[in-house]
Protein chains: 4
Amino acid sequence: MADTVPASTISSDAAHRVIAAAEAKATEIGVPMCIAVCDTGGNLKAFSRMDGAALLSTQVAQDKAYTAVGFGMPTGDWHDFISGDAPLAAGAPTGIKRLIIFGGGYPLKVDGAVVGAIGVSGGHYTQDQEVAQAGLAVLGVPGAV
Amino acid sequence: MADTVPASTISSDAAHRVIAAAEAKATEIGVPMCIAVCDTGGNLKAFSRMDGAALLSTQVAQDKAYTAVGFGMPTGDWHDFISGDAPLAAGAPTGIKRLIIFGGGYPLKVDGAVVGAIGVSGGHYTQDQEVAQAGLAVLGVPGAV
Amino acid sequence: MADTVPASTISSDAAHRVIAAAEAKATEIGVPMCIAVCDTGGNLKAFSRMDGAALLSTQVAQDKAYTAVGFGMPTGDWHDFISGDAPLAAGAPTGIKRLIIFGGGYPLKVDGAVVGAIGVSGGHYTQDQEVAQAGLAVLGVPGAV
Amino acid sequence: MADTVPASTISSDAAHRVIAAAEAKATEIGVPMCIAVCDTGGNLKAFSRMDGAALLSTQVAQDKAYTAVGFGMPTGDWHDFISGDAPLAAGAPTGIKRLIIFGGGYPLKVDGAVVGAIGVSGGHYTQDQEVAQAGLAVLGVPGAV
């Protein structure tokens with residue numbers, strides 16, 4: 001067996017570009033947002049709270065990024081994933097630390113591999129998703145809701 | 001671009017007056033309350049736990065104020081906001097730290113700008129709202145439920 | 001008595017410029033850093049962890065910014081402030097949450113008023129200070145160690 | 001054996017008077033303070049953060065009150081208490097949650113019985129002590145440093 005597992009993680013430069021693109025979209029739609037990018041270890045890589053963004057979103061944006069990288073799927077997929085499964089529906093949101101089950105967090109992928117995640121909070125989650133997808137586009141990922 | 005964003009925050013004197021007015025209303029309706037006022041940064045500015053107020057309300061009052069300033073809307077609006085939206089209904093109360101989705105927290109506004117928030121807990125939330133609105137009236141804000 | 005106290009806070013645009021200047025200095029001295037900017041309420045405004053920066057520094061940079069805005073003085077002044085005062089020397093670092101008593105955090109000031117703070121971590125604290133001062137210079141603040 | 005232990009706790013009215021007296025002293029010496037009063041259960045009874053008071057002091061004032069009621073002695077006595085006792089000197093400040101070992105916290109006593117505590121933070125601890133003692137005087141307690 002190999003001693004190591006290869007892992008790539010998002011660069012600081014890419015994280016800044018992701019955030020800038022997300023901010024541009026948030027400005028365009030007129031809703032100030034908090035935007036977080038974390039690496040493959042779930043650790044914060046870059047963050048921006050736009051002027052006027054909701055204070056509560058500071059932590060939510062970071063938790064969305066953490067959730068997205070922590071399971072490798074968009075936060076918006078969690079509700080469907082658990083809603084027909086009673087133990088998970090009752091137990092996942094309460095039992096899993098920092099889990100956010102509504103949209104706005106996405107894994108960031110390069111060549112099909114997760115290299116980090118983006119989390120956006122500040123508007124309705126459909127707006128958060130739109131802003132996050134503008135960030136995803138920087139890395140060439142088609143934005144799936 | 002400007003280096004700063006202008007903002008005002010509630011003064012200590014106003015915070016004391018808000019709490020005194022809320023206490024007077026709580027005494028009038030005969031339900032002892034915990035009353036918290038936080039500033040624009042969500043940090044505690046003033047607090048009072050009336051004799052006989054529920055111990056659990058100590059934290060709830062502070063979290064209601066935090067929630068109200070953190071999203072700029074009364075805590076009592078959250079339930080309607082999320083109740084028709086399944087992912088938020090399941091995920092917001094559990095996923096957003098310190099979020100309280102029942103009434104008793106209101107942003108404090110001066111000249112239309114949020115300068116802090118009040119959070120009241122101790123009775124049924126409709127009583128908490130009545131008491132909080134007595135506090136709001138100090139700053140000339142019409143009390144909306 | 002007045003209902004409000006003026007409280008301006010650093011803009012998102014200025015926070016980005018502060019971080020970019022700090023990153024440029026960190027690149028120049030060859031030590032990757034974590035750089036955090038918080039607002040007057042101690043809440044995170046912007047953050048960047050440069051490629052290769054120490055993971056531990058993620059939280060330290062944020063805590064340095066929090067300490068600096070929380071007492072209105074550079075973190076590097078704390079050691080001298082407490083070292084001749086036995087109760088503080090023993091009790092401040094352990095008793096005050098998030099307090100960092102070595103250099104790298106500075107209040108950010110505009111027209112003499114604190115509008116937020118920068119915290120830098122990743123090298124020796126003297127390097128952190130040099131990088132933070134490059135950030136301060138963006139707002140025209142002479143960099144005092 | 002009796003089923004109960006008698007206990008009195010500070011009233012809300014007295015807590016407000018204690019804080020008002022402390023604020024008046026803080027204003028007199030020109031150092032804005034955070035002032036907390038807790039009850040015999042260590043739970044927050046009343047709190048005030050004066051305009052301009054250090055943000056870090058918000059928690060410290062509460063922890064000083066908690067420490068004072070939690071051991072029934074002024075926080076300023078802890079340093080002497082532990083400084084000649086190596087295990088305590090090394091282990092108490094780090095091991096005991098919310099312990100503050102410098103001055104500014106005092107038990108509040110009525111007829112010799114502890115009924116709560118006051119904690120003051122914002123200046124040097126000698127200033128905090130002076131302000132706290134002005135609060136103690138409301139209950140007729142001679143202010144011991």
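Throughout, a chain's letter reflects where its sequence line sits, starting with A, and its residues are numbered from 1. As a basis for the values below, the full set of heavy atoms in this structure was taken, side chains included, without hydrogen atoms, waters or symmetry mates.
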Per-residue contact mode, D/Thr58 against chain B (heavy atom under 4.5 angstrom): side chain

Nearest-0.5 Å distance that lies between atom SG in B/Cys34 and atom NZ in D/Lys45: 8.0 Å

For D/Gln59, is it the side chain, the backbone, both or neither that has a heavy atom under 4.5 Å from a heavy atom of chain B? neither

Portion of D/Ile35 that has a non-hydrogen atom of chain B nearer than 4.5 angstrom: neither

Near B/His124 NE2, under 6.0 Å, is it more than 12 heavy atoms from other residues, nucleotides or ligands? yes

Donor-acceptor pair, side chain of D/Asp51 and main chain of B/Ser12, under 3.5 angstrom: yes

Crowded around B/Leu56 CG? As in, over 12 foreign heavy atoms under 6.0 Å? no

Quick check for you: among B/Asp39, B/Thr9, B/Val37, which has the greatest number of heavy-atom pairs under 4.5 Å with chain D? B/Asp39

If every non-hydrogen atom of B/His16 is compared with every non-hydrogen atom of D/Glu23, which pair is closest and at what distance? NE2-OE2, 3.0 Å

Could you pull out the closest heavy-atom pair between B/Arg49 and D/Leu44, with the gap in Å? NE-O, 2.9 Å

Do other residues, nucleotides or ligands put more than 12 heavy atoms under 6.0 Å from the CZ atom of B/Phe71? yes

